[in-house]
A.B. asks: 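Sharing a structure here in C-alpha cells format.
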Amino acid sequence: MTEVTQRKPDSATEPDGYDPAIVEKKWQTRWEQRGTNHTDLAGGARPFYALMMFPYPSAEGLHVGNLFAFTGNDIYGRFQRLQGHTVFEPIGFDAFGIHSENYALKVGVHPAELIPRNIENFRRQLKSAGLMIDWRYELSTTDPSYYKWTQWIFLELFKRKLAYRGRAAVNWCPKDKTVLANEQVIAGACERCGTKVEQRFLEQWFFKITDYAERLLADLDWIDWSESTKTAQKNWIGRSDGAEVIFRVADLLEMAGAATVGLNVMATTAELNALATDIKVFTTRPDTIFGATYLVLAPEHTLVDALTSDEQREEVTAYRRSAAKQDIVTRKVNKEKTGVFTGAYAINPATGGPIPIWIADYVLMEYGTGAIMAVPGHDERDFEFAKVFGLPIVRVVAPRSAHAAHIDSQNRDEHSTLSEPYLETENAHLVHSRQFNGLSVEEGKHAIVAWLAKHSHAKSYVTYRLHDWCVSRQRYWGPPIPIIYCDRCGEVPVPEKDLPVALPNVEDFTPDDTGVSPLARVESWYRVPCPRCGAVGRRETDVSDTFLDSAWYFLRYPSAHVEKAPFDETMLEKWLPVNSYIGGNEHAVLHLLYSRFVTMVLHDAGHLSFEEPYTKFRAHGMIIREGAKMSKSRGNVVNPDEYIERWGADSFRTYLMFLGPYEVGGDFRDQSIAGVRRFLDRLWASAIEAKRTGVPDDTVLRKLHHTIKKVGGDVPRLQYNTAIAAMMEYMNVLRAKERTPHVDEVLPLVQLVSPFAPHVAEELWERLGKTGSVFDAGWPAFDASLAAEDLVTIAVQVNGKLRGTIQLAPDSSEEGAVAAALADPGIAKFLPGPPTQVVYKPGRILSVRV
RNA sequence: GCGGGAGUGGCGGAACUGGCAGACGCACCAGACUUAGGAUCUGGCUCCGAAAGGAUUGGGGGUUCGAGUCCCCCCUCUCGCACCA
C-alpha cells in the first residue's frame with residue numbers, strides 16, 4: 001500500500017510534461033466557472049437522462065466500487081453529449097438508514113452532524129474524479145424537503161389501500177433487546193453478543209407489492225435490462241403455477257364406522273361440528289394427489305388450535321412454542337425434519353380416505369396457503385418426513401418407457417416400495433390413480449384439477465415467492481411514517497399540508513428494550529391531536545425503510561427545486577423515464593424492484609404517464625484487488641484519493657475501465673495503472689509535438705478511421721476495455737518509428753479519449769488551438785472511404801491446417817486467390833496436386849483440400 | 001439442491017453472424033540513450049524443438065473444408081436464492 005504514495009511519474013516534473021494535478025485542477029475550476037456541466041433542463045434539445053445509483057455517504061468515503069460505477073456512467077453520458085444530446089447526470093445521497101445510524105452509535109456522534117460531514121467529503125471526491133455532474137440538482141434523502149415527499153408517497157399507497165399493518169416475524173436479541181436484520185444473525189446467535197436469537201412478532205407496515213407481482217413479472221419481457229438482473233427479478237418474484245386443493249377435515253363420527261382407522265372417538269357432536277372445516281393447500285403437483293398420505297400445516301397456521309385433539313394438545317403447544325422461539329435463520333437452515341401429529345384427520349378428496357394432519361416447521365406460513373398435502377412418494381422433503389414418522393409412502397407416478405424404467409432400476413417396479421422419492425416428470429405416467437392411470441404428469445395435472453373442480457375441491461392457482469414489502473423500521477434515522485393513531489378514528493394519515501412529519505432531534509437514539517422505535521420515548525413528539533376528530537392521538541413512531549427513500553429519487557432530480565410538488569409535470573414529460581441507468585447487481589431485487597413497484601403505483605394514481613422507471617438498465621461488474629475480494633479486514637481496499645493523487649483522475653478512470661469488461665468487472669492491479677498513464681503521456685507528447693504543416697499520413701488516417709468506428713461502436717455497448725485497447729493501438733501507429741504526428745491525426749484521438757480522460761482532453765483540445773469545450777465539439781465523423789483497404793491479408797488452410805497468408809484485393813476472385821496461394825512457396829509445398837475442394841470467403845479465408 | 005456467470009500465455013484480458021487464437025496492457029528479457037534509471041525509445045516474449053515442424057483455449061466425444069465459438073457428457077471456480085410445496 002505504501003508504494004501507492006511513492007513518487008509520481010516523471011512526466012509530471014518535466015518541463016511541459018503532463019502533470020495531471022495541474023491540468024485537472026484547472027479544468028475542474030473552469031468547468032465550474034463556465035457551467036460546462038450544467039444541463040439546460042427546460043430548453044435542452046434531445047434530452048438524455050444518464051442515471052447512476054446514488055451512494056450512501058459512508059464515513060470511509062467513496063469506495064472504488066462507487067467510482068467504477070460512476071465512471072462507467074459518466075463515460076456513457078459524455079459520449080451521449082458528444083452525440084448531440086442534452087445530458088443530465090445528477091447525483092444525490094442516500095443518507096438515511098441503519099448503516100448511518102449504527103455508525104453514529106459506534107462513534108457517538110449524532111447522524112445529523114455526521115452525515116453532512118460525510119457528504120462534504122463525498123462531494124470533494126466526486127469532483128476530483130471529474131464526473132460530469134450538474135451539482136445544482138444534488139439531493140439528500142435526509143433533507144426535509146425530500147422526505148416530505150417520501151412521506152407523501154407512503155400516503156399515496158395508504159390511500160390506495162396498498163399500505164397496511166400486519167404482524168411479522170422479526171429476529172429479536174433478548175440481551176441487546178433489539179431487532180436484528182437477518183444478516184446480523186450468525187448461526188442462530190446475535191452477531192454482537194452471541195446470545196441465541198428469538199423470533200418475535202411485531203406490528204409492522206407493509207406495502208402490497210404482491211398485488212403487482214404479475215405486472216412486475218410481465219414487464220420484464222420488454223424492458224431493456226441486463227439479462228442477469230431480469231433473471232434475478234424473475235426468480236425473486238417466483239411465480240409458481242399449481243392448484244389450490246381443499247381438504248375437508250374428517251367428520252370423526254363417520255370415521256368411527258370406518259374400521260380402517262383405529263381412532264379413539266370420544267368427542268361430542270358439538271365438538272365435531274366445530275371441526276367441520278376446510279384446509280386449503282397449495283400444490284404444483286395436483287397429479288400426485290392419490291399419493292397424498294398426510295397433510296402438514298405450518299406451526300403458526302390459524303386452524304391448528306381448532307384441529308388439535310385434547311390428547312395431542314400438550315405436544316402441539318410445546319412444538320409451536322419451540323418453533324416460535326427459533327430465530328428465522330436457523331429454522332430455515334436446520335433441515336432435520338421435526339413435527340407433531342395434531343390428532344385430526346382430513347379426507348383426501350381424490351381417494352376419499354382419511355389422512356392425518358400434522359404440523360411441522362418445514363412448512364412455512366408465508367408461502368402458498370401455509371399448508372401442504374404431503375406426497376412422500378414424489379417429494380424429497382415429504383419423503384424424509386414420512387421416513388422419520390413412519391407415515392405411508394405411496395407411488396403414484398412411474399417411469400413410462402422400458403428405457404426409462406431401465407435407467408431407473410432402483411424404482412423399476414411400480415408396486416415396489418420406493419427407496420427414494422421419484423421426482424421424474426418426463427417420460428412418466430400416473431399409477432394407482434384410478435381413472436387417471438396412464439396419463440402423463442402434465443395431462444394428469446389438468447385432468448385431476450378439472451375433476452376436483454367439479455366438486456369445488458380444487459382450482460388452478462398461482463402463487464408467488466415474493467412477499468409484501470415490510471417498510472417499518474424500529475429505528476431513529478429515517479423518515480417518520482406519517483400516520484396518527486386515534487382511539488376513535490383508527491389509523492389516520494397526516495394531512496398533506498402538515499407534511500413533512502419532521503424527524504425530531506433526539507439526543508439518545510439507541511434502540512431500547514421495548515422493541516419499538518426510539519421515537520416512542522419522545523412523548524412531546526408523538527402525542528398529537530387526531531387530525532380528523534381532534535381527540536388525543538399518537539403518532540406512528542416507526543420510520544420507513546431506506547429503500548423507500550431510494551425508490552423514487554430519480555423522479556425528484558429534475559424537480560429538485562420544486563417546493564409544491566414531488567415532481568414537476570413538464571420535467572417528467574421531458575426527462576423521464578430514465579434513458580440509461582447503470583448500477584450494481586446487488587440491487588437487482590431490492591432497490592430495482594421497489595422502484596419499479598413505486599413507479600407503477602404512482603402511474604396508477606395518475607401521477608406518472610409511464611409505469612417503468614428505467615428504459616434501459618445495465619449492471620456493471622465487480623472489481624477485486626490482486627485476485628482477492630476487497631475488504632476492510634484484509635486491508636486491501638483501494639482508496640481512490642491516493643491513486644488520483646499519484647496518477648491523476650484521468651489515468652485512474654481510464655484504468656478502471658481498462659482492467660476488464662465493464663459488465664463483468666476485473667482485477668485491480670496497482671502495477672497496471674502505469675500502462676494507462678503511459679498512454680496518456682504519449683497522447684500528451686503527440687499533441688505537444690504535433691506538426692501543423694503538411695498533410696496527415698494515409699496509413700495513419702486509415703487506422704484512425706478504423707479506431708473512430710471501433711470506439712464509437714464499443715462505447716454505447718459499454719465495451720470500454722476494448723475501446724481503450726483500440727485507442728492504444730492507434731497510438732502505436734501514430735508514434736511508430738519516431739515519426740512526428742500531424743495535428744489532424746491527433747485531434748480526433750483527443751475527442752475519442754475525452755469521455756474517458758476528460759481533463760487532459762480539454763487541455764489538449766485547447767493547446768491544439770480549439771476554443772470551447774471538447775464536449776461541445778461533437779464526435780469525429782467516420783469516413784468509410786478513408787478506412788478502406790486496398791489489400792487484405794487472408795489466411796490459407798490446406799487440409800484444415802493453416803499454412804500461410806496471402807495478400808489479396810478485397811474483391812479478388814476464387815481463381816485469383818488459389819493462384820496467389822500457389823505462388824507462395826511456403827504454401828505451395830503443401831500442395832502436391834490440384835485441390836479437390838476449395839472454400840473461399842473473400843476477405844476471410846481460403847481453405848483447400850488435396 | 002435451484003438459478004445466473006465464467007474456465008484462453010507468468011498475470012489482467014482480446015477474438016464480429018464458426019474463418020490467421022493470444023489484440024491491448026502489465027510483468028519479464030535484450031539492446032539504445034545515459035553519471036544513473038524505477039524515465040524514454042527499439043526489439044523479443046504460449047509451450048516443445050537447433051530447425052523443418054508439432055502441440056495448444058478446464059477434460060472427453062461429435063458436427064464442419066474449418067471449432068475458443070455450435071451439439072452431447074463430465075470437471076472446476078464464482079455470485080445469487082435456498083425446506084417456496
Side-chain angles (χ1 to χ4, degrees), chain A residues 3 6-7 9-11 13-14 17 226-232 234-236 238 240 242 281-285 296 331-337 360-364 366-375 379-382 384-385 463-467 585-586 588-589 621-622 624 626-627 629 655 658-661 663-664 666-676 678-679 681-682 685 710 713 719 721-729 731-732 735-738 793-805 829 835-841 843-849:
Chain A
E3 57 192 85
Q6 277 177 4
R7 81 171 213 225
D10 285 359
S11 50
T13 54
E14 284 162 16
S226 293
E227 277 309 314
S228 58
T229 315
K230 290 209 272 188
T231 310
K234 220 170 275 177
N235 293 341
W236 187 262
S240 199
V281 309
F282 174 73
T283 178
T284 52
R285 293 292 305 276
V296 187
R331 170 163 168 184
K332 292 193 172 185
V333 165
N334 183 6
K335 300 199 174 160
E336 265 157 55
K337 294 289 172 293
D361 66 1
Y362 82 93
V363 174
L364 309 173
E366 62 274 16
Y367 186 74
T369 59
I372 61 153
M373 65 177 211
V375 185
D379 181 278
E380 268 178 319
R381 296 148 300 174
D382 298 344
E384 222 181 293
F385 190 81
T463 193
Y464 300 88
R465 178 183 297 235
L466 181 71
H467 295 341
N585 238 354
E586 68 273 15
V589 292
M622 253 191 26
I624 55 173
E626 312 281 344
K629 213 172 177 171
Y655 175 61
F658 184 59
L659 54 68
E663 290 176 79
V664 176
D667 194 357
F668 189 103
R669 290 182 181 256
D670 285 12
Q671 275 187 323
S672 300
I673 309 176
V676 171
R678 274 197 275 271
F679 166 67
D681 275 338
R682 275 148 56 91
K710 172 80 175 151
Q719 287 161 7
N721 57 333
T722 50
I724 295 164
M727 291 187 281
M728 287 174 164
E729 259 184 81
M731 178 65 76
N732 289 340
R735 295 185 68 75
K737 301 278 181 221
E738 295 158 20
T793 308
I794 72 167
V796 181
Q797 286 182 1
V798 180
N799 291 338
K801 274 197 189 305
L802 180 75
R803 293 303 182 185
T805 58
K829 71 176 172 183
T836 56
Q837 184 187 13
V838 178
V839 175
Y840 172 61
K841 299 259 175 101
R844 289 182 176 238
I845 196 131
L846 175 67
S847 178
V848 299
R849 274 200 104 76

A.B. asks: Does B:A85 have a Watson-Crick or wobble mate here (both distances under 3.5 Å), and if so which one?
C.D. replies: none
A.B. asks: Given the C1' atoms of B:A32 and B:U76, what is the spacing between them in whole Å?
C.D. replies: 47 Å
A.B. asks: If each of A:Ser240 and A:Gly675 is mapped to the nucleotide of RNA chain B with the nearest heavy atom, which maps nearer the 5' terminus, i.e. the 5' end?
C.D. replies: A:Gly675
A.B. asks: Could you work out the separation of B:G7 and B:C16 based on their P atoms and round it to a whole Å?
C.D. replies: 13 Å
A.B. asks: Walk me through it: do A:Arg682 and A:Asn732 pass the test side-chain hydrogen bond (donor to acceptor under 3.5 Å, both in side chains)?
C.D. replies: CA-CA 9 Å; A:Arg682 275 148 56 91; A:Asn732 289 340; 2.6 Å; yes
A.B. asks: Taking atom C1' in both B:G61 and B:G22, what distance in whole Å separates the two?
C.D. replies: 26 Å
A.B. asks: Using atom CZ of A:Arg803 as one end and atom P of B:G53 as the other, report the distance to the nearest whole Å.
C.D. replies: 8 Å
A.B. asks: Taking any strand in view, what nucleotide pairs with B:C24 in a Watson-Crick or G-U wobble way, both distances under 3.5 Å?
C.D. replies: B:G12
A.B. asks: What nucleotide, of B:C81, B:A23, B:A85, holds the atom closest to the side chain of A:Arg465?
C.D. replies: B:C81
A.B. asks: Identify which nucleotide among B:C65, B:C79, B:G3 has an atom closest to any side-chain atom of A:Gln837, counting heavy atoms from C-beta outward.
C.D. replies: B:C65
A.B. asks: Checking base pairs now: Watson-Crick or wobble, both atom distances under 3.5 Å. What partners B:G80?
C.D. replies: B:C2
A.B. asks: Could you tell me how far apart A:Glu366 (CD) and B:C84 (C1') are, to the nearest whole angstrom?
C.D. replies: 9 Å
A.B. asks: When you measure from the side-chain N and O atoms of A:Asn585 to the phosphate of B:G5, is any distance below 4.0 Å, counting only OP1 and OP2?
C.D. replies: no
A.B. asks: Quick check for you: among B:C79, B:A52, B:C81, whose closest atom lies nearest to any side-chain atom of A:Lys829?
C.D. replies: B:A52
A.B. asks: Are the side chain of A:Glu626 and the backbone N or O of A:Asp670 linked by a donor-acceptor pair below 3.5 Å?
C.D. replies: yes
A.B. asks: Would you mind reading off the distance between A:Met731 atom CE and B:C41 atom P, rounded to a whole angstrom?
C.D. replies: 11 Å
A.B. asks: Nearest whole Å is fine: how far is B:C83 P from A:Leu364 CG?
C.D. replies: 7 Å
A.B. asks: Ignoring hydrogens, what is the shortest heavy-atom contact between A:Thr284 and A:Ser240? Give both atom names and the distance.
C.D. replies: CG2-OG, 3.3 Å
A.B. asks: For B:C65, what is the paired nucleotide under Watson-Crick or G-U wobble rules, both distances under 3.5 Å?
C.D. replies: B:G19
A.B. asks: Just to be sure I understand the rule, does A:Asn799 reach a base, reach only the sugar-phosphate, or reach nothing, if contact means heavy atoms closer than 4.0 Å?
C.D. replies: nothing
A.B. asks: Compare the minimum distances between each of B:C24, B:A85, B:G54 and the side chain of A:Thr283, then state the nucleotide with the smallest one.
C.D. replies: B:A85
A.B. asks: Using whole Å, report how far NZ of A:Lys234 lies from P of B:G5.
C.D. replies: 12 Å
A.B. asks: Report the residue (A:Gly370 or A:Arg678) whose heavy-atom-nearest nucleotide on RNA chain B is the more 5′ of the two.
C.D. replies: A:Arg678
A.B. asks: Write down the distance separating the C1' atoms in B:A67 and B:A15, rounded off to the nearest Å.
C.D. replies: 13 Å
A.B. asks: Please enumerate all residues that pass side chain to side chain contact (heavy atoms under 4.5 Å, CB included) together with A:Ile794, with sequence neighbours excluded.
C.D. replies: A:Val792, A:Ile806, A:Leu808, A:Tyr840, A:Leu846
A.B. asks: Now, which nucleotide makes the Watson-Crick or G-U wobble pair with B:U35, with each of the two distances under 3.5 Å?
C.D. replies: none
A.B. asks: Write down the distance separating the P atoms in B:C73 and B:G80, rounded off to the nearest Å.
C.D. replies: 28 Å
A.B. asks: On the 0 to 90° scale, with breaks at 30° and 60°, tag the A:Tyr362-A:Phe385 ring pair as parallel, tilted or perpendicular.
C.D. replies: tilted
A.B. asks: What's the closest nucleotide to the side chain of A:Gln671 if the choices are B:A85, B:C41, B:C26?
C.D. replies: B:C26
A.B. asks: In whole Å, what is the span from the CG atom of A:Asn732 to the C1' atom of B:C41?
C.D. replies: 13 Å
A.B. asks: Which value, in whole Å, describes the distance between the P atoms of nucleotides B:C20 and B:U69?
C.D. replies: 14 Å
A.B. asks: Let me have a per-nucleotide readout for nucleotides 13-21 of chain B, 5' to 3', with B, S or -, counting only protein heavy atoms under 4.0 Å.
C.D. replies: SS-BB-BBS
A.B. asks: Taking the side chain as everything from C-beta on, heavy atoms only, tell me whether A:Asn585 gets closer than 4.5 Å to A:Met622.
C.D. replies: no
A.B. asks: Is any side-chain N or O of A:Arg381 closer than 4.0 Å to OP1 or OP2 of B:G1?
C.D. replies: no
A.B. asks: Give a yes or no on whether the ring-centroid distance for A:Phe658 and A:Phe679 is below 6.0 angstrom.
C.D. replies: no
A.B. asks: Suppose you measure atom C1' in B:U64 against the same atom in B:G54; what distance do you get, rounded to whole Å?
C.D. replies: 23 Å
A.B. asks: When you check the phosphate oxygens OP1 and OP2 of B:A55, does a side-chain N or O of A:Lys801 lie under 4.0 Å from one of them?
C.D. replies: yes
A.B. asks: Could you tell me how far B:G5 sits from B:G58 if I compare only their C1' atoms? Round to whole Å.
C.D. replies: 16 Å
A.B. asks: Syn or anti for B:G54? Use the chi torsion, O4'-C1'-N9-C4 for purines and O4'-C1'-N1-C2 for pyrimidines, with syn inside 90° of 0.
C.D. replies: anti
A.B. asks: Output the rounded distance in Å from CD (A:Glu663) to P (B:A6).
C.D. replies: 11 Å
A.B. asks: Looking only at non-hydrogen atoms, find the nearest pair between A:Ala374 and A:Val296 and report the distance.
C.D. replies: CB-CG2, 4.3 Å
A.B. asks: Does A:Tyr655 reach the main-chain N or O of A:Arg669 with its side chain, forming a donor-acceptor pair under 3.5 Å?
C.D. replies: yes
A.B. asks: OP1 or OP2 of B:U40 sitting under 4.0 Å from any side-chain N/O of A:Arg735?
C.D. replies: no
A.B. asks: I'd like to know if the side chain of A:Ser226 reaches the main chain of A:Ser228, judged simply by a donor and an acceptor atom lying under 3.5 Å from each other, with no hydrogens or angles considered.
C.D. replies: no
A.B. asks: Tell me the interatomic distance from A:Asp379, atom CG, to B:G1, atom C1', rounded to whole angstroms.
C.D. replies: 12 Å
